[in-house]
Amino acid sequence: MKNTIAERVADFLKGYPPFSFMGQGELREVAAQVKVIYCEKGKTIFWKGDHRHEHFFMVHKGAVNLLSNDKSHELFAILDTCDEGDVFGLRPLVAGQNYVLTAKASEESIIYGIPIDVFKPIAEKNIQVGYFLVESFASNTRNPYATSHRGHLYSSAVPTSNERDNLFELQPAKIIKNVMTAERSDSIRSVAKKMNSKQIGSIIIVDPDHHPIGIVTDKDFRNKVVTGKSLITDKIEKIMSSPVICYPKGITLAQAQMAMVKHKIGHLCITKDGTPKSRLAGIISEHDLVVSQGNNPAVLIKAIQRAEKTKDLKEIRKKVMLLLNGYMQQNIPMTHISKIITELNDATIKKVIEISVEKLGTPLCNFAWMCLGSQGRKEQLLHTDQDNALVFEDVEEAKHKETKAYFLALSQHVTRRLNKVGYEYCPAEMMASNPKWCLSLSEWKAQFTEWVTNPGEEEILLSTIFFDFDISYGDISLTLALSDHIFEMTDRHKRFLAMLGVNALKNASPLGFFRQFIVERDGNHKDFFDLKRRALMPLTDAGRLLILSKQVKHINNTAERFEKLAELEPENAEVYMNCSYAAKALLKFRTKQGLQNNDSGRYIALEKLSKQEKIKLKRTFKAIDQVQDLVKVRFQLQHLL
Amino acid sequence: MKLFNKRQRPLPDFWKSYEKSFRKKLPDTITDNRFVALDTETTGFDLKKDRVLCIGAVSVLNNVIDLNDSLELYLHQDTFNPKTVEIHGIIQEEQFEQISAIEAIQEFLAYLKNAVIVAHHAYFDITMINNMLARHDLPMLKNKVLDTGVLHQRTRLRTNLIEQQKVVSLDALAKQLNIPLKDRHTASGDAYITAIAFLKLVHRLRERGLPNKLRRLFWKL
């Protein structure tokens, strides 16, 4: 029988992979079985955790959001938006699992439901279709051939057959189901015996309903019993740690880790509904997490510390990037991500310096290795340039030359190694290997004094880079002395702050008169939006200026600076908190862009952004406008601009 | 007594099984009910003289149009009106597999069963089909009928007093509801557009407080 509608559906399917690889006959076979589904705005197509349907889906008209939440959680993060021609909900059907994401129509939509029973045999027969599926699952993108749109078809929380790949971090954490338990009234001695006979390091204390109420680990015996604080005849509840942190089943490795870091604990209890008021279903221990996976932060830090060669560090660095990618997909808060990644960066730099010091012999005096700019602000998530400097103790005049020569040689070693690991050289030579930036403490002080008292355009530019220094190795008293010096100088020279203010306002609002994005007019990046210059820099500059004027030490991160400012000036707290949020959002944006396009994420092709992303960007610009106004008024810059 | 019993011959089996399907009560809710959106292409617009050339139908159940449960019948008719060919493009002796009217009726009734019919300007299509049934000594369709034109009026009830009574064409309706006008003027294409329009209209009515009760869909203006 002729089926006009099915033919039209086939025509539509043909325009998009994997159907574009199918023959006319195969397509018709599939199309005739399609279910056309009408979804009103906000309609849920499937929930995370739902049993898989018999169909996977393709958006025909409208748009569908893929969300991270399940039925019981209202809070969600939009992981991806599927537009016309995008396929979703396929992987669970192929892998035989429940849905790992929630799909919701973000507008009134018409969706095709394609029966897996019809599709699967064709996919198995048709090599190209098979390749497409394998590739899109492996690369975790909806369409591996379209580099322009690398959406994520499936949440990375799906275990894949290749357990060592980059998705591993986001698999469900392994739960130990056979948990040893004891009751609160049991004696310490009997519990210890039980643990000893089972060779376990921890035990969960439960109430008669089998709800977890506490945990006892080897450490508790060490700290509370052996020290004599408790007697072995006492009840176990006396030494248990309580309450326990509970989560529901299905928590991912990353989530479990974050929870442990957050609560500073080594064990999570898994209960039926995720609260302590339900039956204990299992536990997750930090030890098992670490053992079960290769690239978690703790393991990576250890690997960095154990590394002996630059080559090892390079390998580890690749894993760090995978970890970052995973965190971004999992939508873990930016502050956590940047802390972890910065720690890993720091550890790498430390290790490189250690290796170099070993090669060159013990330094002649104390020194500190400083990272500058984005690394100093802990905002460097992707590979960016290495901006660094070195400060060494003041030594006798006679020894100065020799000392400086040593540190220059050391710096050259370090920068070369860092370059091998994956940190690009700074094109402006702002590196410790440059004799200008490898100075003794008093030389640095003199340099800073010069910039602050005589601020021209170049001096301001240098200040914005060097004043965001952070120690990554060495003697902290040296960098503290430098901070003090900067505060003293800037306090005395108000003109300098005004100049910094002018600099902060140099890049005016990223939105034009008609609320459109201002794009680059010429050069290699014509018609691209310069995220760094137009959005990140104005915010960073304003944060630095304001925190300098408040003489706050040790806070380099822009988001944290604004949080501190909100605390110091409650009357402007709203503006500052907006800025703090904007700083995080922009950094995340840049990182995402960078990961997607495998570059620094600085230049953004606006047409590739979704509407939602644009709205998000514009929202951060509002904060920039607000803080620029504030700076203008506070430092009386109207006449200087 | 013959006067009251006009029927000469007993009803055929396919009609009996069609009738039988009505013994089952329709579900209470809109979402549980099977709707059949249909459209006919005819040799012309004269209800008596013209004939059905094509019946296209798709079923709707719980917001889903199942293409596997659709119907597309091309009828062989001796009546032929060159004027309407321009509109529907169906020329007799074309390549499609054509069946006789009685075969079409059998297939159609077996497909339709007790579903609620949805059509745009339903009166025309239903009358054409009923006339066809009558020519084959069969009673009229027993199905309940919903007209998307009327449903559309109900969605505008409170919005525009002047245009309230205006009945729009399928083209205008599709445009208003943002439905792409592909395959317009093929029976199946129009049936599909009608089905989508029906789903969107029901949603709009539901947003205005229509409960998920099938009988409420039949309430008059």
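Computed from heavy atoms alone, side chains included, the values below leave out hydrogens, waters and symmetry copies. Below, chains carry the letters A, B, ... as their sequence lines are ordered, and counting in each starts from 1.
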Around atom [atom1] of [X], are there more than 12 heavy atoms from other residues, nucleotides or ligands closer than 6.0 Å?
| X | atom1 | result |
| --- | --- | --- |
| A:Lys14 | NZ | yes |
| A:Glu54 | CD | no |
| B:Tyr123 | OH | no |

- What part of A:Ile111 is in contact with chain B, defined as an atom under 4.5 angstrom from a non-hydrogen atom: side chain, backbone, both or neither?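 Neither the backbone nor the side chain of A:Ile111 comes within 4.5 Å of chain B.
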
- Side chain / backbone / both / neither for A:Tyr112 at chain B, heavy atoms under 4.5 Å: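 Interface part for A:Tyr112: side chain.
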
- Identify which part of B:Ile179 has an atom lying under 4.5 Å from any heavy atom of chain A, answering side chain, backbone, both or neither.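 Neither; nothing under 4.5 Å.
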
- Message: Would you compute the distance between atom OG of B:Ser188 and atom CD of A:Glu7 and round it to the nearest 0.5 angstrom?
- Response: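 Interatomic distance, B:Ser188 OG to A:Glu7 CD, rounded to 0.5 Å: 9.5 Å.
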
- Approximate separation, where rounding is to 0.5 Å, of A:Thr4 OG1 and B:Asp190 CG: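 Rounded to the nearest 0.5 Å, the OG1-CG separation comes out at 10.5 Å.
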
- Would you say the side chain of A:Gln33 lies within less than 4.5 Å of the side chain of B:Asp66, judging by non-hydrogen atoms?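 No, side chains not in contact.
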
- Residue from A:Val34, A:Ile110, A:Ile37, A:Val36 passing side chain to side chain contact (heavy atoms under 4.5 Å, CB included) with B:Ile65: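 Among A:Val34, A:Ile110, A:Ile37, A:Val36, the one that satisfies the side chain to side chain contact (heavy atoms under 4.5 Å, CB included) with B:Ile65 is A:Val36.
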
- Item | Residue that, paired with A:Glu40, satisfies side chain to side chain contact (heavy atoms under 4.5 Å, CB included) out of B:Arg206, B:Lys200, B:His203 |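 The passing option is B:His203.
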
- Evaluate the salt bridge (Lys or Arg N to Asp or Glu O under 4.0 Å) criterion for residues B:Arg204 and A:Glu108: first the C-alpha distance (whole Å), next the side-chain angles of each, then the deciding distance (0.1 Å), finally the verdict. CA-CA 11 Å; B:Arg204 278 155 185 67; A:Glu108 189 175 51; 2.8 Å; yes

- Query: What heavy-atom pair brings B:Leu67 and A:Asn3 nearest, and what distance separates the two atoms?
  - Reply: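 Looking at all heavy atoms of both residues, the shortest contact is O-ND2, 3.7 Å.
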
